[in-house]
Every structure is written in structure tokens, then in C-alpha cells.
Amino acid sequence: MTRTHASIDWLASLPTSERHVLAHLWQVADAAELGQPASIQAVVARLSSAERSALDRVIAAGGKLAAKTLEREYGKIRSHRDIVTPRAYLLALHGQASVLERLYVLGLIQPLKAVDGEYYVIFSDWLQALPAVSAPNLPIWHEYARPSTWVEADRSQTESVLTTVLAVCYQQALKLTRQLQLEREGLRLICQRIAVSTPTSERQFGQLAWIRSCALEAGLLQINNQQLQLAGNPLHWLEASPKQRLEQLFNGWLGSDFDEFSLTELQIQAQFDLQNARQQLWQCLQTAPSDQWLGFDDLLAQMQASYPELLRSDFEQPNIENQHGEQLNGWQHWHEVEGAWITAACQGPLFWLGLLDIDQMKHPQALRLTQWASHLLHAGHEPSQFAGQLQLASDGLIRVPPSVEPLPRFQIQRITEWQSTDTHGTMIVRLTAHSYSQALQRGIQASQMQAFLQRWCDRPVPHDLQTLFEQWQSDRSQLLARPALLLEASEPSLLSEIANLPNLPPYAELNEQLWEFELADAAAMTLTLHEAGYALNQVSEFDQRISDHDLKQLLTAVMTVQRLAPSLVSEALIERVLRALPSSERQQLKTNVKQWLQIINRS
């Protein structure tokens, strides 16, 4: 064996007293025997199993291994520079040495600082004297015995809940707490429609909190003035194919701020890069066989081997406690922390997305990739999912089974009033005069309602229901309520004098002492009377702001006209108005304009 300069120089650099200490630890008679093959082998033979395991890791890596890789499992080496006082030195004497510190004291490993990081190394000539060790084998997937019962993932249930959230937000914005979680009233509106007991806070309904986070990230919802509301038109998601809807929700989960630890009993005081952890978990699951049951232990072993720093790079940070208040710092608690997060992500989001079946909801032992997981990874025939229809009665009562697609489930809630939801998830809604009127105010035409019912219901629109539509339309045309401005005089002669004034706006004479003006003419009428010397109380202006829906419809029409005749409408004016809208809604308006132009060009 050829002695290298590194080992010789290192031994020569040690003070005589330290070489004697090493000789004592190596149990050799003379310091000259240090580094000899027989002495090295004798020292290694006396190592504990943990010390031998750590040394073998370095040997298997060729004598050089990243310090972080070893330290997270075998502890760190205390630096004498950290012992700044005699008291600290005396306390350190009683501290138990880590595995790496024992190997360092024996001189079997040496710390090395390089440009690309810190390492632990073994002198090359000493390495030759050590028994060869093969690199550790990566864990493999084993087929798990098929469980007698299991819980099948049902992504349709997730889409039904999300569709309900979208429908409720379509009807009204939902107030949020300071932590930007749903207030109890919003929880009640959603939970009553999906037949779930209303929790005291959103934290107690993990799936709903997750759906809200995914929908925000996916661009289906937005937060404005501490309120949850639709982000533009949700029809682009509702009308998409099942795979496209799944991809949008999946990507929304990958980038969301949802904390899977909220589904566990752990108490967290630190922030982790959960987005990166989700990517790594999904990459690991892609290596798993898609046609068999797998053990959760195999998944944890795969993740620990491939992504040991899934959440933490410094395992000594005391930032996590279990339900008993015990600190879970240290590599030995990897399964209790990282493992708990992996389990929560699997039985929570991945199960809700319909990508994983599990054997049981609490403490799952086995999992299986579903057909949707395979379809998400590889293009192919989409599994069947929805097949139900709306069940229509002649009196306007409609049953919405869970098997109804998201699009008609959302649309039917836009034109009806919710009645109840049974324990099987069938929602019961009713067409009423009020819901009909509300739909018309939101820009939905009667013909569109009837065409929708004709397409998605299990029967043609009954004659009795068509008669109801006609009656509701007739009632709306017979009675018309509109705001107006009334001018009342104390004497009839006063109105007779005012009638002779020039430039007086048009009015209707209700009686001798009462006139009616259009509300929009209030300013002109007031100015005319003041200039003629008549005293008039301050007229309070009626709020005539148009709705957001009507504003978007108007902008779409104006933008279409601008494209067809640029000289009629200034593009700069349109741009100034558009900037008052969120970017997502701006883009949707431009898309609507393109569709209108295509229709016009075809005609």
C-alpha cells in the first residue's frame, strides 16, 4: 500500500501529545503504527453498528460524501471554537458525542471545505485498507396484498363541491375573516347545499379549505376587499373536458398556499416549501406501478431515499411539535414529520383529485394509482365519470343527482332557488317567479333557460312549465317599477308659473300640486328653477350605477364596434376603462369580442 502525502502530512502536523492520544484510542503501542492497515482494520472492527454504518456510507461513495448528507442522520461535529467559556467547556465534557464526532476523534474521517460545498473524506491510502462497500440499493416497490375493502377516490365529489362554491359566489360575494378564510355565513350557504353540517370555522372542513385554495390558484375565484368572488367567467373550466378540468385543479393544488399539515395533529411554527414538496411527491408516484396496490411504507422509503430534504434541510430546528407538545427535531423524526405530510397529501388532495385509492381513511396502509392518475400522466381514453341528467317536474321542481356534470350543475343554480339536499347528495332546486326575474336581471334570457332545460333534463320541458314561463314574463311586462323625481308645490298656482319657464325638462302632471320628472333630468330641472329665482331643497341623487354584468356586456359591445369601425370609438378610451377591471376579466372580454367578430363574419 502506498502512503499518500495527505495522511502522512496530517499525522506529522499533529502535536506529539495528540498523536499519543490517537495511539491510546487506536489501542496501539506506538504512534508510528497509526495509519497502518492492520491498525486501521482493528479500529474499524471495534466500531459500534451506527459508527460502522456512517463510515460505510463514506466508503460506498468513494471516500468523499457531502457533509449535510451524513450530518442529518449521524449528527454534527462540535467545534472547539464554539466553546467560548470554561463553564461551556465543562458542560461539553458531559455532552454525548455524535456518531460523526466519534469517527472524527478517531481520525477515520476528516472535514473538507471545497468550492462546491462541505464534505467528509477518508484518506485514500486508509480507504484501501478498509473493506469495500457497495453503494446502498434504492428502495423498490413491492406489491401490497389487495385489501378486502378500500375507499375509491371520487373526483366527481370534489367537482360537485367546487361547482357549488362557484354557484354561491355567482349569486353573492362571500365575506372572509382576517385570515382570509370563509366566515360562518358563507360556510352555511355552501354546506347546506352539499348536505354537510356547518363547522364553526373553515379549518374544520379541510376539503373545502383545499378547494378554495386550488380555485384561487387556478383562477376560478378571487379575493377582493376581503370577499371571495368569481374571477371572471367560470364557464371556461365548466365547459372543458374532464382531463382539462383535472389538470387545472391539479396545477392549482401544486401552486396553492394550502397547508397539508392542517390535516394532521402536528403543530407547526415554520414555513416550508410545500409547492416543491408536492412536485417531488408526484415525481415519486410516477415511478410506482399503476396497476397494483402499494404499501405506504414503500412510498415513505422511496421518498426518504430520493428526497431526504423534502421539507427540512436543517433537522435540528425545534419548530415542530406533536399533539403532546414533544419536539420532533432530528433526522430520527423524519417519518413523524415528513412522513405525516406525505400521508396527509395522499389521503387529502391526491385522494380528492381522484388520483389515489386508499385502503382506509384513518392511518392508511396501502394506496393505488387510479385510472385518472394514469390518464393524467399518459394520454389515452378518458374514464367515464358523469352520466346523470336533471330530473324535471312540471311544477318547476328539479332534482340534481351527484352524477350530473359540473356545467349543468352550475347553470341550474343560476336560474333556480335551492330547496334542499338529501343524504345521497341529490340537490333539489325550484324554478320560481323570483329566480326567473333574478336570472333575467343577470342577463339570462327566457329562451336560453328553456333551451338549457331542453338539453340537460330527462324529459322535454312540460307544457305546464312553459305556461309558467309565459305567465312570469307577462307579470313582468304588466308591472314596471322605475325611479323618478317628484316636484311638489304648496299651491297649484306655483306650478302654473313654473310651467311657463323656458328650457324646462319634460314632466308628467300627476295632480295640481305634483309633477314627475325623469331622474336623469334632476340636475337640469334644479338649475332652471334656481336661475328663475325659485328656492329648492337639495335633491338627493339616486344610485344609478350599472351592475358589473351589464358593464361587461356594454364593454363587449363597444369593443366589437371599435373593431368594426375604429373611427367611431377611441381605442384609448376603451383601454382606460379596461384598466378598471382585473386582468383575468379583461382577457375574458377580449375573448368574447373575438367570438362575436367570428359570428358577424360568418353571417
Side-chain angles (χ1 to χ4, degrees), residues 141 143-144 146-147 149-163 206-215 217-218 220 237 240-256 258-260 262-264 274-300 302-303 306-307 310 339-386 402 405-406:
W141 297 100
E143 185 170 3
Y144 192 89
R146 181 187 180 94
T149 59
W150 62 86
V151 186
E152 288 190 3
D154 185 7
R155 60 172 288 218
S156 62
Q157 193 267 345
T158 292
E159 290 192 337
S160 295
V161 175
L162 174 55
T163 304
Q207 185 179 10
L208 180 59
W210 170 76
I211 286 175
R212 179 182 56 79
S213 297
C214 291
E217 184 64 26
L220 299 175
W237 179 78
S241 69
K243 182 182 179 182
Q244 290 171 332
R245 295 199 303 267
L246 174 60
E247 288 177 335
Q248 191 167 349
L249 287 184
F250 179 76
N251 292 328
W253 170 60
L254 291 181
S256 73
F258 181 73
D259 185 3
E260 285 77 11
S262 64
L263 306 176
T264 71
L274 298 181
Q275 289 84 357
N276 186 58
R278 292 173 192 140
Q279 293 278 6
Q280 293 174 341
L281 174 58
W282 184 240
Q283 289 170 7
C284 181
L285 286 171
Q286 291 179 40
T287 67
S290 59
D291 57 348
Q292 66 185 43
W293 283 93
L294 308 167
F296 258 94
D297 289 342
D298 279 356
L299 173 61
L300 297 183
Q302 291 277 356
M303 289 295 295
S306 303
Y307 309 103
L310 179 70
W341 182 87
I342 293 170
T343 303
C346 289
Q347 67 181 23
L350 288 172
F351 174 78
W352 295 328
L353 284 166
L355 302 176
L356 290 181
D357 294 332
I358 55 178
D359 62 335
Q360 56 188 356
M361 291 305 297
K362 289 188 176 181
H363 310 295
Q365 303 297 315
L367 70 152
R368 178 179 63 178
L369 291 171
T370 66
Q371 286 183 307
W372 280 110
S374 301
H375 190 67
L376 188 63
L377 297 171
H378 313 288
H381 178 68
E382 293 187 4
S384 60
Q385 183 182 10
F386 294 101
E405 291 187 26

Please check this pair: side chain of [X] against backbone of [Y], looking for a donor-acceptor N/O pair closer than 3.5 Å.
X      : Y      : answer
Thr370 : Gly354 : yes
Glu152 : Trp150 : no
Thr287 : Cys284 : yes
Gln275 : Ser256 : yes
Asn251 : Glu247 : yes
Gln157 : Ser160 : no
Asp359 : Ala366 : yes
Glu260 : Trp341 : no
Gln347 : Ala344 : no
Arg212 : Leu162 : no

Is the NZ or CZ atom of Arg155 both under 6.0 Å from the centre of the six-membered ring of Trp352 and within 45° of that ring's axis?
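No, a cation-pi geometry is absent between Arg155 and Trp352.
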
So do [Y] and [X] actually touch side chain to side chain, heavy atoms under 4.5 Å?
X      : Y      : result
Ser374 : Ser290 : yes
Leu263 : Phe258 : yes
Asp357 : Leu367 : no

With side chain to side chain contact (heavy atoms under 4.5 Å, CB included) as the criterion, how do Leu350 and Trp253 come out once you've worked through the C-alpha distance, each side chain's angles and the decisive distance to 0.1 Å?
CA-CA 9 Å; Leu350 288 172; Trp253 170 60; 3.8 Å; yes

So which heavy atom on [X] is nearest to which on [Y], and how close?
X      : Y      : answer
Thr163 : Glu159 : OG1-O, 2.6 Å
Ala340 : Thr264 : O-CG2, 3.9 Å
Leu356 : Phe351 : O-CD1, 3.3 Å
Leu220 : Trp237 : CD2-CB, 3.5 Å
Leu369 : Ala288 : CD1-O, 3.9 Å
Arg245 : Ala240 : NH1-O, 2.9 Å

Report the distance from atom [atom1] of [X] to atom [atom2] of [Y], rounding to the nearest 0.5 Å.
X      : Y      : atom1 : atom2 : result
Gln360 : Thr149 : CD    : OG1   : 8.0 Å
Gln280 : Leu285 : CD    : CG    : 12.0 Å
Leu281 : Leu310 : CG    : CG    : 7.5 Å
Tyr144 : Arg368 : OH    : CZ    : 13.5 Å
Ser213 : Asp259 : OG    : CG    : 9.5 Å
Trp372 : Leu355 : CH2   : CG    : 10.0 Å

Apply side chain to side chain donor-acceptor pair (under 3.5 Å) to the pair Tyr307 and Gln302, showing each step before the final yes or no.
CA-CA 8 Å; Tyr307 309 103; Gln302 291 277 356; over 6 Å; no

Any chance you could lay out the side chain to side chain contact (heavy atoms under 4.5 Å, CB included) test for Gln365 and Phe296, step after step, and finish with the verdict?
CA-CA 5 Å; Gln365 303 297 315; Phe296 258 94; 5.6 Å; no

Go through it in stages, so that I can follow the logic: the residues are Leu294 and Gln292, the test is side chain to side chain contact (heavy atoms under 4.5 Å, CB included), and I'd like the CA-CA distance, side-chain angles, deciding distance and then a yes or no.
CA-CA 6 Å; Leu294 308 167; Gln292 66 185 43; 3.4 Å; yes

Between Gln207 and Thr158, does the side chain to side chain donor-acceptor pair (under 3.5 Å) criterion hold? Intermediate values first, please.
CA-CA 8 Å; Gln207 185 179 10; Thr158 292; 3.2 Å; yes

